[in-house]
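First comes the structure, then the notes that go with it.
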Protein chains: 2
Amino acid sequence: MGLAKTEEFTLEQNELAAMAKALGHPARIAILQFLIRKQSCICGDIVEELPLSQSTVSQHLMELKRVGLIQGSISGPRICYCIDPKAWLRLKQSLTNLLDSFQDPACC
Amino acid sequence: MGLAKTEEFTLEQNELAAMAKALGHPARIAILQFLIRKQSCICGDIVEELPLSQSTVSQHLMELKRVGLIQGSISGPRICYCIDPKAWLRLKQSLTNLLDSFQDPACC
DNA sequence: AACCTTTATCGTAATATTACGATAAAGGAT
DNA sequence: ATCCTTTATCGTAATATTACGATAAAGGTT
């Protein structure tokens, strides 16, 4: 098979997993960190910053955009990317919710 | 190609990405939530809980173990799994570090 | 219109992930 | 010793991801 059985899990589990999956590549972590540092920037700036080709960076950007973590606005021939504040907050909340629900008990 | 260029990124970026990737599947989110709820439990309990075959659950457990998020201890013929508190804390810190570094500025 | 810049998309190849059944391995129980 | 239970691993098939170069598309500039 190879197709994740998403329909068997809750919406929350799927959403969190999708976001986490989007964070699951060092290039995308680097892109997000760069966007945070720069507030917003042109796609080309990211391509310059990363050790990857333009097409690969574009794919990573699409991946981040697909789950809603970033948004791009057209500005002439270039596209300005930035983090979507609402999606970022939602990610933060559901991650915090998961991470804080574990309270360091003795292990088995 | 198809092989992630991990060597081009920092250790921190790679570590966080690896952890996030491990969270990037609803079944693994469900496993972690179950482990948190139960504190610790037998592999078989997880298999019962999830809508996946025993072998698939075992693979997901191996994935979580590979990045260190959970640990298993042998107890007779069964294996008791639980969350690794230290790894959990590290994950929490590096995620919080990333998530908190973004301060809702105006987008482009 | 012809050109340049910028970014997305296509095509392709390599690798990784996901899932399952079947089998092996490890350890108790009879 | 022979079983039964429990979990890992193997084998396999389908799908997804990653990366790149090449090309297309979109929008300025001359």
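Each chain gets a letter, A, B and so on, in the order its sequence line appears, and its residues count up from 1. Keep in mind that what you see is a predicted model, and the values were worked out from it rather than measured.
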Spacing between A:Arg66 atom CZ and C:dA8 atom C1', to the nearest angstrom: 16 Å
Indicate whether OP1 or OP2 belonging to C:dA19 is found under 4.0 Å from a side-chain N or O atom of B:Ser53. no
Sidechain-backbone polar pair: B:Ser58 side chain, B:Gln54 backbone, donor-acceptor under 3.5 Å: no
Atom CG of B:Asn14 and atom P of D:dT18 are separated, to the nearest Å, by 13 Å
Could you check if a side-chain atom of B:Ile70 sits within less than 4.5 angstrom of a side-chain atom of B:Leu35, using non-hydrogen atoms only? yes
Round to a whole Å and report the spacing from NZ of B:Lys65 to P of D:dT7. 12 Å
Using a cut-off of less than 4.0 Å, is there contact between a side-chain N or O of A:His60 and OP1 or OP2 of D:dT17? no
Measure the acute angle between the ring planes of A:Phe102 and B:Trp88, then classify it against the limits of 30° and 60° as parallel, tilted or perpendicular. perpendicular
G-U wobble or Watson-Crick pairing nucleotide for C:dA22 (cut-off 3.5 Å, both distances): D:dT9
Take atom CD1 of B:Ile74 as the centre, draw a 6.0 Å sphere, and report whether it contains more than 12 heavy atoms from other residues, nucleotides or ligands. no
Does D:dA16 pair with anything, Watson-Crick or G-U wobble, both distances under 3.5 Å, and if so, with which nucleotide? C:dT15
Would you say B:Ser58 reaches D:dA8's phosphate, i.e. side-chain N/O to OP1/OP2 under 4.0 Å? yes
For A:Pro51 and for A:Gly76, locate the closest nucleotide of DNA chain D by heavy-atom distance; then report the residue assigned to the nucleotide nearer the 5' terminus. A:Pro51
Closest nucleotide among C:dG28, C:dT6, D:dT15 to the A:Ile42 side chain: C:dT6
Would you tell me if any nitrogen or oxygen in the side chain of B:Lys5 comes within less than 4.0 Å of OP1 or OP2 on D:dC20? yes
Identify which nucleotide among D:dA19, D:dT9, D:dT7 has an atom closest to any side-chain atom of B:Met62, counting heavy atoms from C-beta outward. D:dT9
Ignoring hydrogens and angles, does a donor from either the side chain of B:Gln59 or the base of C:dA19 sit under 3.5 Å from an acceptor on the other? yes
Candidates C:dT7, D:dT7, D:dT5 - which lies nearest the side chain of B:Tyr81: D:dT7
Which of residues 23-33 of chain A have a heavy atom under 4.0 Å from DNA chain D? A:His25, A:Arg28
Rounded interatomic separation in angstrom, taking CG from B:Leu64 and P from C:dT18: 10 Å
Counting neighbours of NZ on B:Lys38 that are heavy atoms of other residues, nucleotides or ligands and sit closer than 6.0 Å, is the number greater than 12? no
Please report, rounded to the nearest Å, how far the C1' atom of C:dA26 is from the CZ atom of B:Arg78. 12 Å
Which nucleotide in C:dA19, D:dA22, C:dG27 has an atom nearest any side-chain atom of A:Ala4: C:dA19
Starting from C1' on C:dG28, measure out to CD1 on B:Ile79 and report it in whole angstrom. 15 Å
For B:Leu61 and D:dT7, give me the distance from atom CG to atom P, rounded to whole Å. 10 Å
On the nucleotide C:dA16, are OP1 or OP2 found under 4.0 Å from the side-chain N or O atoms that B:Lys21 carries? no
Using modelled atom types only, decide if a donor and an acceptor are shared between the side chain of B:Asn14 and the backbone of B:Thr6 within a distance under 3.5 Å. yes
Looking only at side-chain N and O atoms, does A:Ser55 come under 4.0 Å of OP1 or OP2 in D:dC20? no
Mapping A:Ile74 and A:Leu52 to their closest nucleotides on DNA chain D, which lands nearer the 5' end? A:Leu52
Check the phosphate of C:dC20 against B:Thr56, side-chain N and O only, distance under 4.0 Å to OP1 or OP2. Yes or no? yes
Under a 4.0 Å threshold between the charged nitrogen and the carboxylate oxygen, would B:Lys92 count as salt-bridged to A:Asp100? yes
Should A:Phe34 and A:Cys41 be marked as a side chain to side chain contact (heavy atoms under 4.5 Å, CB included) after you check the CA-CA gap, both sets of side-chain angles, and the distance that decides it? CA-CA 9 Å; A:Phe34 189 67; A:Cys41 69; 3.7 Å; yes
Scan A:Gln54 against the nucleic acid and name what it touches under 4.0 Å (heavy atoms): base, sugar-phosphate only, or nothing. base
May I ask you to check whether B:Ser53 and B:Thr56 show a side-chain donor-acceptor distance below 3.5 Å? yes
